[in-house]
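Remarks on the structure that follows.
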Amino acid sequence: MPANSIRVSASVSFKGETQQLETILDLDRIGCEPGEMPNFHQHLASACGIDPYSCLYESLESHELDFSDPTGAAVPACRDGGFDWAWFEQARREELDWQSVNTIATALLNSDELAARPELKPLMLAVYRAGRASAC
């Protein structure tokens, strides 16, 4: 399963039949602009082989999606069947920044020292982000 993923599903009634649609999305591969939410209906339809110009697609768009089984940075953004994309983006940025900081920090400190001093994490992230911002 991808590092940051989520299960997207919907129960769609169409032409007197109920269809259970479901897919697992790799959230790191969803292409969209920062701050812009992906079209999850479109991703689900595509994964299930539904033509975006079909009546079934129009029916799918009118149904609520259910989000479950998050992994990675998606975990805190998935609650009660919903998914907060903005929260996920922030958690993912935090995770990526921390990976960069951790790579640098473990070259200077061993992982036990770093784990024993959790108060260093926000400080190191702030310094990393300040350095990245000044480089632009």
Side-chain angles (χ1 to χ4, degrees):
M1 195 173 259
N4 295 306
S5 67
I6 195 156
R7 182 181 308 277
V8 181
S9 59
S11 180
V12 179
S13 295
F14 182 70
K15 292 186 178 181
E17 291 183 21
T18 300
Q19 296 188 32
Q20 300 295 331
L21 306 175
E22 179 178 285
T23 191
I24 294 176
L25 293 178
D26 180 345
L27 297 172
D28 295 322
R29 294 189 179 267
I30 289 180
C32 64
E33 295 296 316
E36 191 175 298
M37 190 166 130
N39 184 336
F40 288 112
H41 285 88
Q42 184 179 22
H43 287 287
L44 177 58
S46 176
C48 294
I50 298 171
D51 185 334
Y53 299 104
S54 70
C55 293
L56 176 56
Y57 182 79
E58 286 182 25
S59 181
L60 169 61
E61 284 187 312
S62 70
H63 286 75
E64 290 284 323
L65 299 178
D66 184 59
F67 298 90
S68 62
D69 304 326
T71 63
V75 172
C78 184
R79 294 178 302 282
D80 302 322
F83 188 68
D84 186 332
W85 179 257
W87 190 334
F88 166 71
E89 276 190 314
Q90 178 157 347
R92 181 170 53 178
R93 271 192 307 276
E94 183 91 10
E95 181 182 277
L96 292 172
D97 285 354
W98 180 243
Q99 287 174 2
S100 296
V101 169
N102 198 33
T103 300
I104 297 165
T106 55
L108 303 171
L109 304 168
N110 71 44
S111 58
D112 292 335
E113 289 174 310
L114 199 53
R117 307 265 325 263
E119 72 277 7
L120 290 177
K121 182 176 180 179
L123 175 66
M124 289 190 295
L125 280 169
V127 169
Y128 171 78
R129 289 176 179 146
R132 192 176 63 196
S134 68
C136 294

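Within a 6.0 Å sphere centred on CD of Glu95, heavy atoms belonging to other residues, nucleotides or ligands number more than 12. For Asp51, the CG atom is densely surrounded, since the number of other residues' heavy atoms within 6.0 Å is greater than 12. When the shell of 6.0 Å around CD of Glu17 is examined, it contains 12 or fewer heavy atoms from other residues, nucleotides or ligands. Around atom CD of Glu64, no more than 12 heavy atoms belonging to other residues, nucleotides or ligands sit under 6.0 Å away.
Contact between Ala45 and Leu60 at its shortest, heavy atoms only, is CB-CD2, 3.7 Å. When every heavy atom of Pro118 is checked against every heavy atom of Ala115, the shortest pair comes out as CD-O, 3.7 Å. Taking both residues in full, the closest heavy atoms of Asp97 and Arg129 are given as OD2-NE, 2.7 Å, listed atom of the first, atom of the second, then distance. Residues Pro52 and Tyr57 share a closest heavy-atom pair of O-CD2, 3.2 Å. Of all heavy-atom pairs between Leu44 and Val8, the closest is CD1-O, 3.7 Å. Heavy-atom minimum distance, Ile24 versus Arg7: CD1-NH2, 3.7 Å.
Expressed to the nearest 0.5 Å, how far CD1 of Ile50 lies from CD of Gln42 amounts to 12.0 Å. Rounded to the nearest 0.5 angstrom, Lys15 NZ and Cys55 SG are separated by 7.0 Å. Between Leu65 atom CG and His43 atom NE2 the span is 11.5 Å, to the nearest 0.5 Å. Atom-to-atom distance recorded for His41:NE2 and Leu21:CG is 10.0 Å, nearest 0.5 angstrom. Atom CG of Leu27 sits about 10.5 Å away from atom CD of Glu89, to the nearest 0.5 Å. If you take CD1 on Ile6 and CG on Asp66, they are separated by 9.0 Å, rounding to the nearest 0.5 Å.
Residues satisfying the ring pair (Phe, Tyr, Trp, His ring centres under 6.0 Å) test with Phe88, not counting sequence neighbours, are Phe83, Trp85.
Side-chain contact between Phe67 and Arg79: absent, with no pair of heavy atoms (C-beta onward) separated by less than 4.5 Å.
Under the 4.5 Å side-chain heavy-atom criterion for grouping Ile, Leu, Val, Met, Phe, Trp and Tyr, Leu125 is not connected to Leu96 through any hydrophobic cluster. Taken together through direct or relayed side-chain contacts under 4.5 Å among Ile, Leu, Val, Met, Phe, Trp and Tyr, Leu25 and Met37 form part of one hydrophobic cluster. Tracing side-chain contacts under 4.5 Å through hydrophobic residues (I, L, V, M, F, W, Y), one reaches Phe40 starting from Leu56; they form part of the same cluster.
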- request: Could you check Met124 against Ile104 for side chain to side chain contact (heavy atoms under 4.5 Å, CB included), going step by step and ending with a plain yes or no?
  value: CA-CA 10 Å; Met124 289 190 295; Ile104 297 165; over 6 Å; no
query: Should Gln99 and Asn102 be marked as a side chain to side chain contact (heavy atoms under 4.5 Å, CB included) after you check the CA-CA gap, both sets of side-chain angles, and the distance that decides it?
result: CA-CA 5 Å; Gln99 287 174 2; Asn102 198 33; 5.7 Å; no
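Residues Thr18 and Ser11 bring no donor and acceptor atom of their side chains to less than 3.5 Å of each other.
The salt bridge (charged side-chain N to carboxylate O under 4.0 Å, His left out) pairs that include a residue from residues 101-126 are Arg117-Glu119, where partners are two or more places apart or lie in different chains.
Using a distance-only test at 3.5 Å, with no hydrogens or angles considered, a donor-acceptor pair links the side chain of Thr71 to the main chain of Ser5.
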